[in-house]
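Okay, structure first, notes after.
In each ligand, atom 1 is the first atom listed, and ligand 1 is the first ligand listed. On a predicted model such as this, the values are computed, not experimentally measured, just so you know. Only heavy atoms go into these numbers, but all of them, side chains included; no hydrogens, no water, no symmetry mates.
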Amino acid sequence: MFKTVQEVQSAIKSGCSVTEILDEYLLQIRKHEHLNAFVEVFEATARADAHRIQEKITKGIAGKLAGVVIGIKDNLCYKGHTVSASSRILENFTSLYTATSVQRLLDEDAIIIGRLNCDEFAMGSSNETSAYGPVLNYLNPDFVPGGSSGGSAVAVAASLCTVALGSDTGGSVRQPASWTGTVGLKPTYGRISRYGLIAYASSFDQVGVFASDIDSASLIYSIMAGKDPLDATSSSKKVDAPQNYPNQLRLGVIKDYMKLPGLDASVKSAFDSRVQKLIQQGHEMREFSFPYLDYVVPVYYVLSTAEASSNLSRFDGVHFGKRSELAEGIDQTYINSRTEGFGLEVKRRIIIGTFVLSNEHYEAYYAKGQKIRRLLHKATKEMFSEVDCIILPTTPSSAFKIGDIKDPVQMYLQDIYTVHANLTGNPAINIPLSHNSNGMPFGIQLMADHFEEGLLFHASRIVNNALV
Ligand code: GLN
């Protein structure tokens with residue numbers, strides 16, 4: 001089994017063929033079909049790619065990711081392959097072009113092995129809203145893997161691919177990473193192109209990476225990062241080469257975040273012990289007051305649903321999306337196609353988003369939400385003038401059992417520690433921290449200033465090595 005990019009690269013160096021590596025992953029995929037992580041395995045194209053890349057290796061002209069096998073979330077386009085956002089409305093839709101993030105990996109000779117199950121249109125925190133059914137947690141199939149990139153998280157945890165791509169709008173990479181014991185990065189907003197990523201909430205969406213180790217995540221990130229003329233919101237700021245970062249870190253803890261009533265005692269105690277260990281090792285620890293915890297989830301759900309209602313309006317059975325068999329006349333075409341094509345959670349979001357954008361309620365919800373977002377941005381920026389990274393839990397608890405959370409608000413509260421970085425655009429990462437008494441893992445989250453991914457990875461290594 002190959003768990004990291006480095007393991008793949010050393011296997012190649014010692015004479016292992018790309019097809020042998022691919023076969024190993026395909027075997028793992030077959031063994032773990034019951035987890036429902038893959039919606040589709042692109043076996044034929046992956047095999048053809050393996051041959052082509054092997055020839056390049058023989059000629060000495062292969063890219064940095066030769067032999068690396070990557071799974072992509074079912075909301076990233078890959079030309080000639082189906083992409084559905086795990087929704088019935090996009091059933092059998094074939095990508096007409098390849099997402100820039102995926103293309104940059106292909107350009108380095110990565111193999112794309114398939115598309116990974118997710119919550120429908122990336123809306124969810126448990127991977128239970130997919131049209132293809134729930135993804136089961138690799139560590140215990142009674143539990144959810146988190147969402148919305150649950151398939152990507154499980155694929156990495158179960159070694160079904162070397163690394164996987166996900167998308168993180170409110171925590172969909174970091175939260176499932178926390179619940180599957182994997183590393184999950186959400187880069188700065190604008191750092192990786194969103195071209196070819198099916199939009200959910202465009203001012204929040206970022207492509208992210210799942211890996212078993214920090215080095216693999218960092219390498220994959222660095223290949224995807226950077227300006228893309230096809231995404232006007234991608235930043236033209238140069239991607240920093242790794243620098244000599246300080247060995248002694250200035251870290252920040254937000255005290256208000258640690259007083260959350262729903263914070264599980266074992267998550268809190270593992271977090272506190274890691275903080276103590278870091279202090280013992282000489283890292284500076286500052287406490288911040290950031291009295292906005294009650295606002296982050298409501299503001300996120302007002303603004304993200306507003307954007308979602310607008311983004312998803314194109315799926316009407318005419319412009320985009322599967323047309324209902326019962327379509328007759330324009331109104332019935334829209335109504336029936338959307339009724340049949342969208343699942344319950346997506347409909348709920350469209351209705352909430354339409355409401356908060358409506359003429360009568362715009363000021364009270366959408367406009368107010370934008371003002372609070374600005375406030376959070378400013379307060380966060382101020383914290384980063386004093387510290388290198390903020391550390392916080394990734395999730396208030398470890399994973400729950402499939403079907404256990406039925407109340408949507410309860411579900412939304414799973415994102416309480418992750419939406420902050422999406423509201424403010426900061427890069428953030430989950431690294432594994434510990435396990436609960438039932439054996440289910442949870443992680444610790446680090447957040448850095450905008451475009452400071454290099455420092456974020458450096459600090460992650462220090463926090464990861466400061467084992468208690
Ligand atoms: N759970 C959050 C939501 O449902 C985040 C989803 C995401 O990051 N894509 O909106």
| Within less than 4.0 angstrom of ligand 1, does Phe204 place any heavy atom? |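 Flag not set, Phe204 not near ligand 1.
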
Nearest non-hydrogen protein atom, [atom]:
atom                    : answer
atom 3 (C) of ligand 1  : Tyr301 OH, 3.2 Å
atom 2 (C) of ligand 1  : Asp415 OD2, 3.1 Å
atom 10 (O) of ligand 1 : Tyr200 OH, 2.6 Å

| task | Find the distance between CE (Met411) and CD (Gln414) and round it off to the nearest 0.5 Å. | result |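 So the gap between those two atoms works out to 7.0 Å.
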
Ligand-side contact atoms (ligand 1) for residue partner [X], heavy atom cut-off under 4.0 Å:
X      : answer
Arg349 : 3 (C), 4 (O), 10 (O)
Tyr300 : 2 (C), 3 (C), 5 (C), 6 (C), 10 (O)
Gly124 : 1 (N), 2 (C), 3 (C), 4 (O), 6 (C)
Ala122 : 6 (C), 7 (C), 9 (N)
Gly170 : 5 (C), 7 (C), 8 (O)

N/O of [X] under 3.5 Å from N/O of ligand 1, yes or no?
X      : answer
Thr169 : yes
Lys73  : no
Gly147 : no
Asp168 : no
Met123 : no

| field | Intermediate values then yes/no, side-chain hydrogen bond (donor to acceptor under 3.5 Å, both in side chains), Asp228 and Ser234 | value | CA-CA 6 Å; Asp228 174 17; Ser234 69; 5.7 Å; no

Between [X] and [Y], does at least one N-O distance fall below 4.0 Å, as a salt bridge requires?
X      : Y      : result
Glu345 : Arg348 : yes
Arg191 : Glu453 : no
Arg104 : Glu108 : no

| query | Is there a donor-acceptor contact under 3.5 Å linking the side chains of Asn436 and Ser398? | reply | yes

| said: Under a plain distance cut-off of 3.5 Å, with no hydrogens placed, do Lys73 and Ser167 share a side-chain donor-acceptor pair? | reply: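 Lys73 and Ser167 do have a side-chain donor-acceptor pair below 3.5 Å.
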
| task | Would you mind finding which of Ser172, Cys118, Pro176, Ser148 brings a heavy atom closest to atom 6 (C) of ligand 1? | result |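 Looking at heavy atoms only, Ser172 sits closest to atom 6 (C) of ligand 1.
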
| message | Once you restrict to heavy atoms under 4.0 Å, what part of Tyr412 touches ligand 1? Side chain, backbone, both or neither. | response |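 Neither; no heavy atom under 4.0 Å.
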
| Looking at Phe204, does the NZ or CZ of Arg373 lie under 6.0 angstrom from its six-membered ring centre and within 45 degrees of the ring axis? | yes

| task | With the side chain counted from C-beta on, respond yes when Asn127 and Asn36 share a heavy-atom pair under 4.5 Å apart, and no when they do not. | result |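 The answer is no; the side chains never approach within 4.5 Å.
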
| task | Quick one: closest heavy-atom pair of Pro441 and Trp179, and the distance? | result |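 Scanning both residues, the minimum pair turns out to be CG-O, 3.6 Å.
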
